[in-house]
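Reading through the structure tokens given below for one structure.
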Amino acid sequence: MSTVPHASHWGSFTAVRAADGTVGVRPHPDDPDPSALLANLPVAATGRARVLRPHVRRGWWEDGPGPDARRGRDELLAVGWDELLDRVAAEYRRVLATDGPAAVFGGSYGWASAGRFHHAQSQLHRFLNCLGGATRSSHTYSHGTAEVLLPHVVGSLEPLISPTAWSVVEASTDLVLAVGGLPAKNAQVASGGISRHEVAGRLRAARARGAEFVLVSPQRDDLAAELDADWLAVVPGTDAALLLAMSHVLVTEGLHDEDFLRRCCAGTEEFLASLRGEDDGVEKTPDWAAALTGVDAGRIRALARRAAAGRTMVTLSWSVPRARYGEQPLWAAIAFAALLGQIGLPGGGFGHGYASTGGVGRRAGSLALPTLPQFGDPLRRRIPVARIADALLAPGAEYEVDGRTETYPRLRLVHWAGGNPFHHHQDLQRLQRAFAAADTVVVHEPFWTSTARHADVVLPSTTTMERVDLGAARYDDRIVAMGRVHAPLGEARDDYAALAALADRLGVGERFTEGRTAPEWVEHLYEQWREGPAARAGVEAPPYAEFVAAGELPLPPEPVEKVLFASFRADPQRHPLRTPSGRIELHSDVVAGFGYDDCPGHPVWRAADEQPDAAFPLHLVANNPASRLHSQLDHGATSQASKVAGREPLRMHPADAAARGLVAGQVVVVRSRRGSCLAGLVPSAELREGVVQMSTGAWFDPVAGAQAGVTCGHGNVNVLTTDVGTSRLAQGCTGQHAVVEVAAHEGPRPRVTVFDQPVTGGS
Ligand SMILES: Nc1nc2c(c(=O)[nH]1)N[C@H]1C(S)=C(S)[C@@H](COP(=O)(O)OP(=O)(O)OC[C@H]3O[C@@H](n4cnc5c(=O)[nH]c(N)nc54)[C@H](O)[C@@H]3O)O[C@H]1N2
Ligand SMILES: Nc1nc2c(c(=O)[nH]1)N[C@H]1C(S)=C(S)[C@@H](COP(=O)(O)OP(=O)(O)OC[C@H]3O[C@@H](n4cnc5c(=O)[nH]c(N)nc54)[C@H](O)[C@@H]3O)O[C@H]1N2
Ligand SMILES: [Mo]
């Protein structure tokens, strides 16, 4: 038996390897609330669903590169690393010579794994930068809309990167108004690693001190039951209307803070005029909002008064803007908090994404971390991250984003490492058509995800447990010496090694590797950090060998009393925000100047284009899963334990189930205008009636789907969602919502095949 320290996005842990090679996982002893996701890890060492050899799609291997609708259906051939990398290098030379680096798409969005050196995107981006760059993507699926809107409204991303610290909320907030909730399930995870899960404890302590909670969400369990929250079961996509009506109450009842508005806000008059309906003829009263949100007008009034009566923290989850017109609820939440006048006071104001991960609000994260240099992107060509299918399908087409008109490049070679677009993107059948339009798709993956299955070239990657690395994240309180738990399975190689071999063939090998092996790089990054940022910050870090022997390096505690925008509030002249006015912009002349009717110059109410109707009467909430990180390790123990009849569970209010004659555990078919999937039914009174919920991340299984007469036989929600941006402003992801119908599945119930080894041939 051997024990090895290791780190993952959902917690630090000790891997225990038994004599027979099986791997077990023990949570870190310092973790007060370890994540159940740890139990998904052992499957990675078993070989199940692992890519064990390099593979190539027969059509590409035999007929050469080019658009091909067989992608995802063609036979895959197991081939040798060298002959395959020779062909990939030749394809790179061809594409670069004929179309230049903009024809390579290297955005490669995705969470990959923890580990500062082996981080897959960092490796791929460094490789591409050696070759002259590539078309990349801007912003994130997580909070891309905020990344575009917040700079216009508050001049920075601080509300989502480092809002008021949890410790301050715990000590000072009277009322937590949680729009989109503070779901414990999401706080299990923090990008790069998390050694102590603290959010549940913070919330409990705040409650014990006397803080009260109001939950605005279609789902009651978006806030722990022990917090005794009042639940406003809002209709999905209507939060902007609710917040505007609450703002209307503050103003009509004189509960707004005129001094704060005068000193710290700009565009107040335009915003107040729009609440009165002077722009669109609709006064934003509680009665108006009640009809849209499903929340009683009296409760809307009472909530606004309650928020004004004490110290109130308005929080908005990242999910709420991840929907059509998602800019509006975010801007409306900021405007409501501005009217309350508590921004910059301890425990008041607003924050975006508390509990959306376990890192938000945790530490200042001011100490720089060990980082692989990427040389800078010489091309600087970006598309909005969630517009990838548009770009592949419509080269040369114009689109608008954040006041600019841009053109999609002609993308020929798509190169992905560390992401799973056939999980994360919307309308997967459209994504299949988009992938068919590429000349070549190269994917590095440890697992046979659907993205790997839609590639021309599949390069088997190691998992973190097969390599040495540094586990560290901005919000975490230690650096973990991630040890190698077991040898690589099959012919898997580190992404670094695969890219180094490709770089060699393309004449940039020396630049890419700087002559170091992967373990030498890890030591080098640590030592550079130790002698640089750590020494400057007074952190006493031991030499690398000692660090590895100790297994981790605790980082000194940081002051965690941050109050967002405190200095701005105290003196807006001396500490202005980086907006044109230097203040919070309740109306933005810049945004208004773009002339976008789908995102005008101040927060407005916009109904999503697609509303429930006779054919598709149910709102679908397609949110992040409790039992895994996205699609990662969907075949792991915790994720598998959540499945119902072998499918992804669909939760539905018991009354909606009864109306359809559906019972618990039944296999159902979920349909939208885009596609259909199987699911396992879970009736639950935790949902608002008329709303169903299905998590993202079940591996897309079109093979089982075809046998069952649906698009996906397993339950990937993204066959149901719409591939459209939030608005012309942010062009953010809108995957959180769709409208659907659910019925009993009468046809065959094929076994889920997507975790099996694909049927392959030999070359
Ligand atoms: N409908 C809907 N869709 C959504 C969302 C939603 O709310 N609703 N949420 C969106 C959000 S917020 C996000 S962040 C995205 C997440 O989307 P992704 O980040 O793409 O999802 P992951 O499943 O984390 O994909 C990571 C992939 O990297 C692989 N991987 C892990 N380690 C390594 C490695 O070392 N090397 C290589 N080469 N590969 C590795 C994993 O096996 C996995 O396939 O999904 C988005 N999609
Ligand atoms: N266990 C686990 N944790 C994760 C992740 C994971 O995959 N698994 N993913 C991580 C990532 S990348 C991200 S970006 C974050 C995501 O963080 P979020 O985007 O905040 O999380 P979601 O779970 O997608 O949505 C949170 C809740 O919002 C509610 N909601 C949906 N629509 C509406 C609406 O219109 N109005 C209101 N008021 N509420 C609504 C839903 O009930 C849902 O449960 O989570 C991170 N944490
Ligand atoms: Mo995300």
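Indexing begins at 1, ligand by ligand and atom by atom, following the structure's order. Since the model is a prediction, treat every value here as computed from it, not as a measurement.
Here D221 pairs with R651 in a salt bridge; the nearest charged N to carboxylate O distance falls below 4.0 Å. Ionic pairing of D634 and K643 is present here: one or more N-O contacts between side-chain nitrogen and carboxylate oxygen are shorter than 4.0 angstrom. Under a 4.0 Å N-O distance rule, the pair R362/E198 qualifies as a salt bridge. Between E610 and R674 there is a salt bridge, since at least one side-chain N of the basic residue sits less than 4.0 Å from a carboxylate O of the acidic one. Ion pairing between E466 and R50 holds under the 4.0 Å rule for side-chain N and carboxylate O.
Taking the six-membered ring where tryptophan is involved, the planes of F422 and H454 are essentially parallel, since the angle between them stays under 30° and well short of 60°. Taking the six-membered ring for Trp and thresholds of 30 and 60 degrees, W111 and H9 have ring planes more than 60 degrees apart, a perpendicular arrangement. Aromatic ring orientation, H423 versus H630: parallel (interplanar angle below 30°, classes split at 30° and 60°).
Below 3.5 Å of separation, one finds an N or O of S631 facing an N or O of ligand 1. For the pair V717 and ligand 1, the shortest N or O to N or O distance does not fall below 3.5 Å. Between G418 and ligand 1, a contact under 3.5 Å exists for at least one N or O pair. Distances between N or O atoms of R322 and those of ligand 2 include at least one value under 3.5 Å. Below 3.5 Å of separation, one finds no N or O of P236 facing any N or O of ligand 2. Distances between N or O atoms of G735 and those of ligand 1 include at least one value under 3.5 Å. Distances between N or O atoms of T696 and those of ligand 1 include no value under 3.5 Å. Considering both main-chain and side-chain atoms, T449 never comes within under 3.5 Å of ligand 1 through any nitrogen or oxygen pair.
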Problem - Audit row: Y109, W416, ring pair (Phe, Tyr, Trp, His ring centres under 6.0 Å) steps and yes/no - result: CA-CA 8 Å; Y109 184 84; W416 224 293; 8.4 Å; no

Practice task
Dump the intermediate steps for ring pair (Phe, Tyr, Trp, His ring centres under 6.0 Å) on H714 and F755, then the final yes or no.
Solution key: CA-CA 11 Å; H714 181 200; F755 302 119; 5.6 Å; yes

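Residue T140 does not touch ligand 1, judged by heavy-atom distances below 4.0 Å. Here S113 has heavy atoms under 4.0 Å from ligand 1 in both its backbone and its side chain.
Across H486 and V23, no two heavy atoms sit closer than the pair CD2-CG2, 4.1 Å. The minimum heavy-atom distance linking V740 with S672 is given by the pair CG1-CB, 4.0 Å.
Counting only non-hydrogen atoms, the option in A323, P446, S142 that gets closest to atom 40 (C) of ligand 1 is P446. For atom 38 (N) of ligand 1, the nearest non-hydrogen atom from the set H118, H444, E466 belongs to H444. With R628, Q736, E445, H423 as candidates, the residue nearest to atom 44 (O) of ligand 1 on a non-hydrogen basis is E445. For atom 7 (O) of ligand 2, the nearest non-hydrogen atom from the set Q219, H630, H619, R220 belongs to H630. Between the choices D495, N624, T721, T451, the shortest heavy-atom distance to atom 36 (N) of ligand 1 belongs to D495. When P218, A240, G237 are ranked by how near their heavy atoms come to atom 35 (O) of ligand 2, first place goes to G237.
A donor-acceptor contact shorter than 3.5 Å is absent between the side chain of W10 and the backbone of A187. D427 contributes no side-chain N or O that, together with a main-chain N or O of T721, makes up a donor-acceptor pair within less than 3.5 Å. In this structure a side-chain-to-backbone donor-acceptor pair under 3.5 Å is missing from T462 to A492. No donor-acceptor pair closer than 3.5 Å links the side chain of W231 to the backbone N or O of V214. A donor-acceptor contact shorter than 3.5 Å links the side chain of Q121 to the backbone of G418.
Listed by atom number, the atoms of ligand 1 under 4.0 Å from R467 heavy atoms are 34 (C), 35 (O). Residue N420 approaches ligand 1 through these ligand atoms, each under 4.0 Å from one of its heavy atoms: 20 (O), 25 (O), 44 (O). Listed by atom number, the atoms of ligand 1 under 4.0 Å from N718 heavy atoms are 1 (N), 2 (C), 3 (N). Near L629, meaning under 4.0 Å from any of its heavy atoms, are these atoms of ligand 2: 5 (C), 6 (C), 7 (O), 8 (N), 9 (N). Residue-ligand proximity, V621 to ligand 2, at heavy-atom distances under 4.0 Å covers atoms 31 (C), 41 (C). Atom numbering of ligand 2 starts at 1 in the shown order; those under 4.0 Å from a heavy atom of V234 are 38 (N). Atoms of ligand 1 found under 4.0 Å from any heavy atom of G110, numbered from 1 in the order shown, are 18 (P), 19 (O), 20 (O). In the vicinity of Q188, heavy-atom distances shorter than 4.0 Å reach the ligand 2 atoms 1 (N). The contact set between ligand 2 and V189, taken as ligand atoms under 4.0 Å from a residue heavy atom, comprises 2 (C), 3 (N), 4 (C), 47 (N).
Side-chain rings of H635 and W699 approach one another, their centers coming within less than 6.0 Å. Ring centers of W521 and H118: at least 6.0 Å apart, outside the cut-off. Separation of the Y496 and H119 ring centroids does not fall under the 6.0 Å cut-off.
At the shortest separation from atom 34 (C) of ligand 2 among protein heavy atoms lies D239 OD2, 3.4 Å. If you check which protein heavy atom lies closest to atom 17 (O) of ligand 2, you get N186 ND2, 3.3 Å. When only non-hydrogen protein atoms are considered, atom 23 (O) of ligand 2 lies nearest to K185 NZ, 2.6 Å. Regarding atom 45 (O) of ligand 2, its nearest protein heavy-atom neighbour is S356 O, 2.8 Å. Protein heavy atom closest to atom 41 (C) of ligand 2, with residue, atom name and distance, is D222 OD2, 3.2 Å. Nearest non-hydrogen protein atom to atom 8 (N) of ligand 1 is A622 O, 3.0 Å. Atom 4 (C) of ligand 1 has as its closest protein heavy atom H424 O, 3.7 Å. Looking at atom 26 (C) of ligand 2, its nearest protein heavy atom turns out to be S319 OG, 3.3 Å. Protein heavy atom closest to atom 19 (O) of ligand 1, with residue, atom name and distance, is W111 N, 2.8 Å.
Of the inter-residue distances, the one linking L157 atom CG with H352 atom NE2 reads 10.0 Å to the nearest 0.5 angstrom.
Looking at R430, R673, R324 one by one, the single match for salt bridge (Lys or Arg N to Asp or Glu O under 4.0 Å) with D723 turns out to be R430.
Contact between H737 and ligand 2 is present, with at least one heavy atom of the residue lying under 4.0 Å from the ligand. Residue Y141 places no heavy atom under 4.0 Å from ligand 2. Remark: distances from the non-hydrogen atoms of P625 to ligand 2 include one below 4.0 Å. Residue contact check for ligand 1: Q426 places a non-hydrogen atom closer than 4.0 Å to it. Heavy-atom separations between Y109 and ligand 1 include at least one value shorter than 4.0 Å.
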